Amino acid sequence: MPRKGMRSLCFSPRTPSFSTSRQSTTSESTASSTNRRRFSESMIEQTIDAAATIIMKWDADTSAYAKVTSLFYESKREALQFIRSVNELQKTMHLLVSEQGSGSEKLVRAQILMQTAMKRLQKEFYQILSMNRAHLDPESVSTRSSRTSARSSTSDFDDYDEIRTAGDSISEIEEVSSMAMSDLKLIADCMIASGYAKECMHIYKIIRKSIIDEGIYKLGIEKLSSSQVNKMEWDVLDLKIKNWLEAEKISMRTLFTGERILCDQVFATSDLIKESCFTEIAKEAAILLFGFPELVAKTKKYSPEKMFRVLDMYSAISEDWKEIETIFSFESTSTVRSQALDSLVRLSESVRSLLMDFESTIQKDSSKTMIPGGGLHPLTISSMNYLTLLADYSNILTDIISDWPPPAKSTLPASFLFSPDSEDSTAPAISVRFAWLILVLLCKLDGKAKHYKDVSLSYLFLANNLQHVISRVRTSNLQYILGEEWITKHEAKVKQFTSNYQPLAWGEVFASLPENPTAPITAGKAKDCFRKFNASFEKAYWKQRSCIVPDSKLREEIKVSIGTKLVTLYRDFYNTHISTVGDERSARLFVRFSPEDIGNYFSDLFYGTVSSGSSSTSSSVSSHHRRQMLRSPLRV
């Protein structure tokens, strides 16, 4: 029966089959559309009602409970449900606008609910940021494990379970920090998607900027002017530089790094918001931090320590340059990078200026006081202390000096006996500069040697001071800067000086003995030779007894070179002719020294009877603290 009826309906002659079929299709389509609309409206109402239930529950204006309770601290699952409901409400609002227009009663209700929800989320966002200041401090954030960064890229709603699972393997502080960051990200994502990014950013900027500003203040970084820095005593400025060096390290390792990590994770969905927040929070403090070295570089304060403080600051910034570029990579933070770069440029200019001042100080040293015994000149000690300390910064100085034109050698006096070696175009700029500074020092020492009336002392003076230079080179990084060839050449010059010293100081003693000490001579001639030897040796000994050779190796070399020759020569003469001068009584009248006596006398030489402490002073000075090393007549 149903089939028969259906068929008669479809094929009734009064109702053509085609016409009946088309009308049936239109009717079914209309009914389906109506059903979908009813279903859609039902779903919209259910979504709005569900959202209203949880949103109104946490409306602080209507609920005393909600006013004193934190949603995210009270129930994480309910907080997630709140976020889901707001997200669904947002989708529903878009649907209502597209289907019913902006005047829909449901849309108005949804908008009111959304405003209430956003008000609640703003409160939660503020509370989490405020209550977790200790757990969201930059140090805690920057030291979080890499797995935290990985979690931030997964589904927000899975974070809580993952954090609980990881709770056994991370510290309690890290766990609280991770949870707080996840909560902040959830709220930020929801508010941004709902069109409340401005309100979210405002809260975040205020709280986080106060943390960065407080951190910078606690690190001792303050706003200073050039005039303020110039008026500071060096000791005060030195303390501020030391403080800055520590502050820069902490700021780059924790303060700015941690803030960038936190900002990147909380606002991971929007690069523009991320940049805006971080820039407003960190830019001012970073410019303040990196502006201080430029002020120091410009100051006119002069101290031996200034060079090393400037190099320390240059080193701090240059070593962290990659981190500076990474942390402050935004276009809006380019001024931070520019400030750091400006400071590097100013510091490098200051280093070059201080090196020129150092050279000028050596050249202008006008003291004419002769060092007793041909010992070490204070200028030599202070200059080499300075240069050996500078050599510890060879990597930094290489960067600073690399494009600095080599010095003009025409500034050296024409009479300088250390003729500059032929220029080596392949030598590194830092090697050329250090070799030049030592050359200037040796030139000045050559001029001072001429003040000695005793020429032998002038050569001993030059030998001692050049030996000290070589010794400091060999025991410091200068050996790598100047190279073995430089050392070898200057060691040859020391030998040349000692060779010149020997005949001038001991020539008369050697001349008192015959060239062939074993050749037969008369008793009178032998007595005369012994008398001359006695007089010349005693004169030379007492004269040379006041001489000093601080370097033990050089001292022994001189003793061996002179003493061995003289003792050998005298022993041959003594053994051959002691019997020709007569009996024992006669011998005592003419022979005052035995060969053993000569050797013993030589063993006492070159310690200096006037300034015996010079040796220990010069050998121990390098072990003192930098400040101790730089306390000398040299002032740069």
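All figures in this text were calculated on a predicted structure; none of them were measured in a lab. Just the heavy atoms: all of them, side chains too, but no hydrogens, waters or symmetry mates, feed the values below.
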Checklist entry - Can you list the steps and then say if Val345 with Glu294 is a side chain to side chain contact (heavy atoms under 4.5 Å, CB included)? => result CA-CA 8 Å; Val345 171; Glu294 184 176 6; over 6 Å; no
Item to check | Arg346 NZ/CZ over Tyr314 ring centroid, <6.0 Å and within 45° of normal | outcome: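 Judged by the rule (NZ or CZ under 6.0 Å from the ring centre, within 45° of its axis), Arg346 is not positioned above Tyr314.
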Next on the checklist: Under the criterion side chain to side chain contact (heavy atoms under 4.5 Å, CB included), I'd like the reasoning laid out for Lys249 against Asp320: C-alpha separation, chi angles, the key distance, then a yes or no.
Outcome noted: CA-CA 9 Å; Lys249 187 188 303 180; Asp320 286 335; 5.8 Å; no
If I compare all heavy atoms of [X] with all of [Y], which pair ends up nearest, and what's the gap?
| X | Y | answer |
| --- | --- | --- |
| Phe330 | Arg337 | O-NH1, 3.1 Å |
| Ile400 | Ser348 | CG2-O, 3.7 Å |
| Asp189 | Val266 | OD1-O, 4.2 Å |
| Ser318 | Leu344 | N-CD2, 4.0 Å |
| Phe267 | Cys200 | CE2-SG, 3.8 Å |
| Met56 | Leu113 | SD-CD2, 3.9 Å |

Checklist entry - Do Phe82 and Phe72 pass the ring pair (Phe, Tyr, Trp, His ring centres under 6.0 Å) test, and can you show the C-alpha distance, the side-chain angles, and the key distance before you say yes or no? => result CA-CA 10 Å; Phe82 189 98; Phe72 276 79; 8.0 Å; no
Next on the checklist: Using a 6.0 Å cut-off, check whether atom OH of Tyr217 has over 12 heavy atoms from anything other than its own residue.
Outcome noted: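 Atom OH in Tyr217 is not crowded, with 12 or fewer foreign heavy atoms closer than 6.0 Å.
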Checklist entry - Is the number of heavy atoms from other residues, nucleotides or ligands under 6.0 Å of Met131 CE greater than 12? => result no
Checklist entry - Do the side chains of Glu124 and Asp183 get nearer than 4.5 Å, heavy atoms only? => result no
Item to check | Test side-chain contact (heavy atoms from CB on, under 4.5 Å) applied to Glu222 - qualifying residues, sequence neighbours left out | outcome: Leu224, Lys240
Checklist outcome for this item: Applying side-chain contact (heavy atoms from CB on, under 4.5 Å) to Ala60 and not counting sequence neighbours gives Lys67, Arg120
Euclidean distance, [Y] [atom2] relative to [X] [atom1], rounded to 0.5 Å:
| X | Y | atom1 | atom2 | result |
| --- | --- | --- | --- | --- |
| Ile48 | Ser85 | CD1 | OG | 12.0 Å |
| Arg352 | Leu347 | CZ | CG | 12.5 Å |
| Lys306 | Asp357 | NZ | CG | 8.5 Å |
| Leu107 | Thr92 | CG | OG1 | 10.5 Å |
| Ser360 | Leu355 | OG | CG | 12.5 Å |
| Arg84 | Ile54 | CZ | CD1 | 9.5 Å |

Side-chain polar contacts of residues 270-277 - donor-acceptor pairs under 3.5 angstrom, sequence neighbours left out - could you list them?
{"from": "Ser270", "atom 1": "OG", "to": "Ile273", "atom 2": "N", "distance (Å)": "3.2"}
{"from": "Asp271", "atom 1": "OD1", "to": "Lys274", "atom 2": "NZ", "distance (Å)": "3.2"}
{"from": "Glu275", "atom 1": "OE2", "to": "Ser332", "atom 2": "N", "distance (Å)": "3.1"}
{"from": "Glu275", "atom 1": "OE2", "to": "Ser332", "atom 2": "OG", "distance (Å)": "2.8"}
{"from": "Ser276", "atom 1": "OG", "to": "Lys205", "atom 2": "NZ", "distance (Å)": "2.9"}

Could you verify whether a donor N or O on one side chain and an acceptor N or O on the other, from [X] and [Y], lie under 3.5 Å apart?
| X | Y | value |
| --- | --- | --- |
| Asp59 | Thr116 | no |
| Glu74 | Ser70 | no |
| Ser394 | Asn477 | no |

Checklist entry - Given the rule in the side-chain hydrogen bond (donor to acceptor under 3.5 Å, both in side chains) test, do Trp244 and Glu248 qualify, once you have shown the distances and angles that lead to the verdict? => result CA-CA 6 Å; Trp244 182 90; Glu248 191 276 342; over 6 Å; no
Next on the checklist: In terms of relative ring orientation, are Phe328 and Phe278 parallel, tilted or perpendicular, with 30° and 60° separating the classes?
Outcome noted: tilted
Next on the checklist: In terms of relative ring orientation, are Tyr386 and Phe358 parallel, tilted or perpendicular, with 30° and 60° separating the classes?
Outcome noted: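 Rings of Tyr386 and Phe358: parallel, under 30°.
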Checklist entry - Is any side-chain N of the basic residue among Glu284 and Lys209 closer than 4.0 Å to the acidic one's carboxylate O? => result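 Salt bridge present between Glu284 and Lys209.
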Checklist entry - Does Glu105 pair with Arg109 as a salt bridge, N-O distance under 4.0 Å? => result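 No, Glu105 and Arg109 are not salt-bridged.
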Item to check | Criterion salt bridge (Lys or Arg N to Asp or Glu O under 4.0 Å) on Glu246 and Lys242, from CA distance to verdict | outcome: CA-CA 7 Å; Glu246 187 64 25; Lys242 290 179 182 177; over 6 Å; no
Item to check | Pro293 backbone acceptor or donor facing Ser343 side chain under 3.5 Å | outcome: no
Checklist entry - Would you say Thr388's side chain and Asn385's backbone share a donor-acceptor pair under 3.5 angstrom? => result yes
Item to check | Contacts of type salt bridge (charged side-chain N to carboxylate O under 4.0 Å, His left out), residue Asp342, not counting sequence neighbours | outcome: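 Asp342: no salt bridge (charged side-chain N to carboxylate O under 4.0 Å, His left out) contacts found.
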Checklist entry - What residues, two or more places apart in sequence or in another chain, satisfy salt bridge (charged side-chain N to carboxylate O under 4.0 Å, His left out) together with Lys231? => result none
Item to check | salt bridge (Lys or Arg N to Asp or Glu O under 4.0 Å) evaluation trace for Lys106 with Glu45 | outcome: CA-CA 8 Å; Lys106 291 185 179 66; Glu45 287 183 6; 3.7 Å; yes
Item to check | Working for side chain to side chain contact (heavy atoms under 4.5 Å, CB included), residues Phe256 and Ile324 | outcome: CA-CA 9 Å; Phe256 295 126; Ile324 292 171; over 6 Å; no
Next on the checklist: Going by side chain to side chain donor-acceptor pair (under 3.5 Å), name the residues that satisfy it together with Trp58, two or more places apart in sequence or in a different chain.
Outcome noted: Glu78
Checklist outcome for this item: Result for side chain to side chain contact (heavy atoms under 4.5 Å, CB included) between Glu259 and one of Ile212, Ile327, Thr254, Asp264 points to Ile212
